[in-house]
Amino acid sequence: MNPFALYIIISSLALGTVTTLSSYHWILAWVGLEINTLAIIPLMTKTPHPRAIEAATKYFLTQAAASALILFASTINAWLTGEWAINTQISPAPSILLSISLCMKLGIAPFHFWLPEVLQGLTLQTGLILSTWQKIAPMALLIQLSQSVNLSLMLILGLLSTVVGGWGGINQTQIRKILAFSSIAHLGWMIAILKISPELTLMNFLLYILMTLTLFMTFMSLNTKNIYELSAAWSKTPTLSALSLLSLLSLSGLPPLTGFIPKWLIAQEMVKQDLIMFALVILLSTLLSLFFYLRLTYTMSLTLAPNSSNSTYQWFFNKNNMMATPISLSLLLLPVTPTIMIFI
């Protein structure tokens with residue numbers, strides 16, 4: 001791609017997200033979301049492959065429908081209350097419509113069907129942007145709406161997302177589809193606690209972005225797109241494979257790794273709110289996700305392909321490698337949890 005065109009696209013992505021984050025008016029927020037959607041489509045189609053074109057088309061249609069619903073709901077709310085501001089109290093009906101439209105943009109079940117197919121049709125680099133940066137703007141709007149959303153709707157969507165995210169990822173062999181279902185499951189946790197504790201949703205979202213960034217970067221370095229290629233990665237770069245293995249376990253939520261923090265705190269908060277049965281069911285649904293994370297780690301570490309190289313630890317000692325910081329953060333943040341909670 002032309003460097004100038006790439007610069008315009010990346011700048012537009014940044015502009016769209018910053019516009020939505022800094023907006024106080026629903027129309028301005030909608031404009032930011034539209035800029036975001038239109039800016040990533042050229043990145044999706046830069047590889048002239050039918051699968052990439054299909055992914056871009058599905059993404060555009062879904063996001064356009066969600067944006068239309070946001071515009072419709074905000075117009076109804078302005079008609080009922082006389083206010084276009086985001087931070088004012090929102091009427092129940094527009095609140096439900098806005099929640100559904102933002103959940104559609106994020107890919108939360110049952111509005112998730114586009115996400116695995118779209119992510120599978122993209123390169124890992126574009127998939128990284130879709131899984132992290134593109135979720136910032138709608139999640140920021142949801143957090144701002146947290147006091148107006150319907151609690152029952154959020155709990156149902158959250159539980160459904162964790163179950164669908166775990167169940168859908170079990171039978172997958174493609175890394176990108178597994179990461180898509182992983183995203184759905186993690187977003188389910190965030191949505192479930194949104195009304196009760198927006199601070200926990202924000203912390204969970206930040207840690208999810210950090211861990212997903214780490215995984216995508218390791219898979220880009222290993223150049224793996226499916227489980228078969230993953231099984232041969234250990235013999236090529238054992239150190240990087242070991243770190244990606246630990247990152248997978250962190251994303252699954254196993255203690256004492258970073259991914260354990262949000263699940264622990266969310267379950268604790270739900271128990272405090274007397275949602276004990278809900279907390280039990282959502283924790284049990286996490287076991288489905290744990291299964292495919294463990295299958296990936298098993299494939300990577302215990303099924304060794306024929307060793308074609310004697311190079312071992314060159315990656316670890318490369319001072320120019322920019323991945324050391326996100327990997328270490330995604331694995332080792334659990335001891336500083338009290339400090340994180342103070343800042344949030």
Side-chain angles (χ1 to χ4, degrees), residues 16-17 19-38 40 57-118 130 134-165 183-198 200-202 204-205 278:
T17 301
T19 302
T20 303
L21 290 179
S22 58
S23 61
Y24 63 93
H25 195 286
W26 275 112
I27 297 293
L28 197 60
W30 173 79
V31 167
L33 291 170
E34 286 299 290
I35 292 171
N36 242 349
T37 301
L38 295 173
I40 199 173
T57 306
K58 286 179 178 177
Y59 180 77
F60 174 74
L61 292 174
T62 310
Q63 298 296 311
S67 294
L69 195 54
I70 288 172
L71 203 55
F72 176 63
S74 57
T75 306
I76 290 178
N77 183 64
W79 179 49
L80 292 173
T81 64
E83 287 283 346
W84 281 98
I86 295 173
N87 56 359
T88 55
Q89 190 66 27
I90 296 175
S91 301
S95 171
I96 290 172
L97 287 176
L98 284 167
S99 303
I100 289 172
S101 59
L102 290 170
C103 287
M104 194 186 299
K105 275 193 168 292
L106 287 166
I108 291 168
F111 315 106
H112 68 284
F113 294 101
W114 63 272
L115 184 57
E117 297 299 323
V118 169
L130 182 65
Q134 290 296 92
K135 295 190 187 301
I136 293 174
M139 182 56 76
L141 289 175
L142 262 182
I143 291 172
Q144 289 182 75
L145 284 176
S146 59
Q147 297 312 309
S148 303
V149 296
N150 185 291
L151 178 61
S152 301
L153 176 66
M154 291 295 104
L155 291 177
I156 290 167
L157 291 180
L159 184 59
L160 195 59
S161 293
T162 54
V163 172
V164 167
S183 171
I184 294 166
H186 277 83
L187 287 166
W189 279 86
M190 298 174 213
I191 290 301
I193 201 68
L194 178 68
K195 175 82 170 179
I196 300 166
S197 176
L200 277 180
T201 298
L202 178 59
N204 196 345
F205 183 62
F278 183 86

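- Across all their heavy atoms, H186 and N204 have their closest contact at O-ND2, 4.5 Å.
- Side chain of N87 to main chain of Q144: no donor-acceptor pair is present (N/O by atom type, distance under 3.5 Å, no hydrogens or angles).
- Counting all heavy atoms, side chain and backbone alike, P94 lies closest to I76 at CG-CG2, 3.8 Å.
- L141 and A29 make their closest contact through CD2-CB, 4.0 Å (heavy atoms, listed as atom of the first residue, atom of the second, distance).
- Closest approach of W84 and H25 over heavy atoms only: CB-NE2, 3.2 Å.
- Side-chain contact check for N36 and T17: at least one donor-acceptor pair (N or O, by modelled atom type) lies under 3.5 Å.
- Within 6.0 Å of the CZ atom in F278, the count of heavy atoms belonging to other residues, nucleotides or ligands exceeds 12.
- Between the S23 side chain and the T20 main chain, a donor and an acceptor come within less than 3.5 Å of each other.
- We find the CG-CG distance between L194 and L157 to be 10.5 Å, quoted to the nearest 0.5 Å.
- The main-chain N or O of I108 is never found under 3.5 Å from a side-chain atom of S161 such that the two would form a donor-acceptor pair.
- Between the CE atom of M190 and the CG atom of L200 there is a distance of 11.5 Å, given to the nearest 0.5 Å.
- Within the 4.5 Å cutoff, the side chain of I70 has heavy atoms near those of the L98 side chain.
- Among all heavy-atom pairs drawn from L106 and P138, the shortest one is CD2-CG, 3.9 Å.
- Rounding to the nearest 0.5 angstrom, the gap separating the OG atom in S74 from the CG atom in L69 is 9.5 Å.
- You'll find the side chain of T201 reaches within 4.5 Å of the side chain of M139, heavy atoms only.
- Looking at heavy atoms from C-beta onward, W26 lies in side-chain contact with I90 at the 4.5 angstrom threshold.
- Looking at heavy atoms from C-beta onward, P110 lies in side-chain contact with L160 at the 4.5 angstrom threshold.
- Side-chain atoms of Q147 and P198, non-hydrogen and from C-beta on, do get closer than 4.5 Å to each other.
- One finds the CG atom of L102 at 11.0 Å from the CD1 atom of I143 (value rounded to the nearest 0.5 Å).
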(request) Let me see the working for I96 and L153 under side chain to side chain contact (heavy atoms under 4.5 Å, CB included), right down to the final yes or no. (result) CA-CA 8 Å; I96 290 172; L153 176 66; 4.1 Å; yes
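- In plain terms, the two heavy atoms of W114 and K105 that are nearest each other are CZ2-O, 3.4 Å.
- Looking at T162 and W189, their side chains come closer than 4.5 Å, going by heavy atoms from C-beta outward.
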(message) Checking F113 against K58 for the side chain to side chain contact (heavy atoms under 4.5 Å, CB included) test, could you report, in this order, the C-alpha distance in whole Å, the side-chain angles of both residues, the deciding distance, and whether it holds?
(response) CA-CA 10 Å; F113 294 101; K58 286 179 178 177; over 6 Å; no
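- Rounded to the nearest 0.5 angstrom, L142 CG and I191 CD1 are separated by 5.0 Å.
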(request) Show the numbers, then the answer: is there a side chain to side chain contact (heavy atoms under 4.5 Å, CB included) between K135 and L187? (result) CA-CA 10 Å; K135 295 190 187 301; L187 287 166; 4.0 Å; yes
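- The line from OG of S99 to CG of L145 is 6.0 Å long, rounded to the nearest 0.5 Å.
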(request) Run the numbers on L71 and I27 for side chain to side chain contact (heavy atoms under 4.5 Å, CB included), then give the verdict. (result) CA-CA 7 Å; L71 203 55; I27 297 293; 3.6 Å; yes
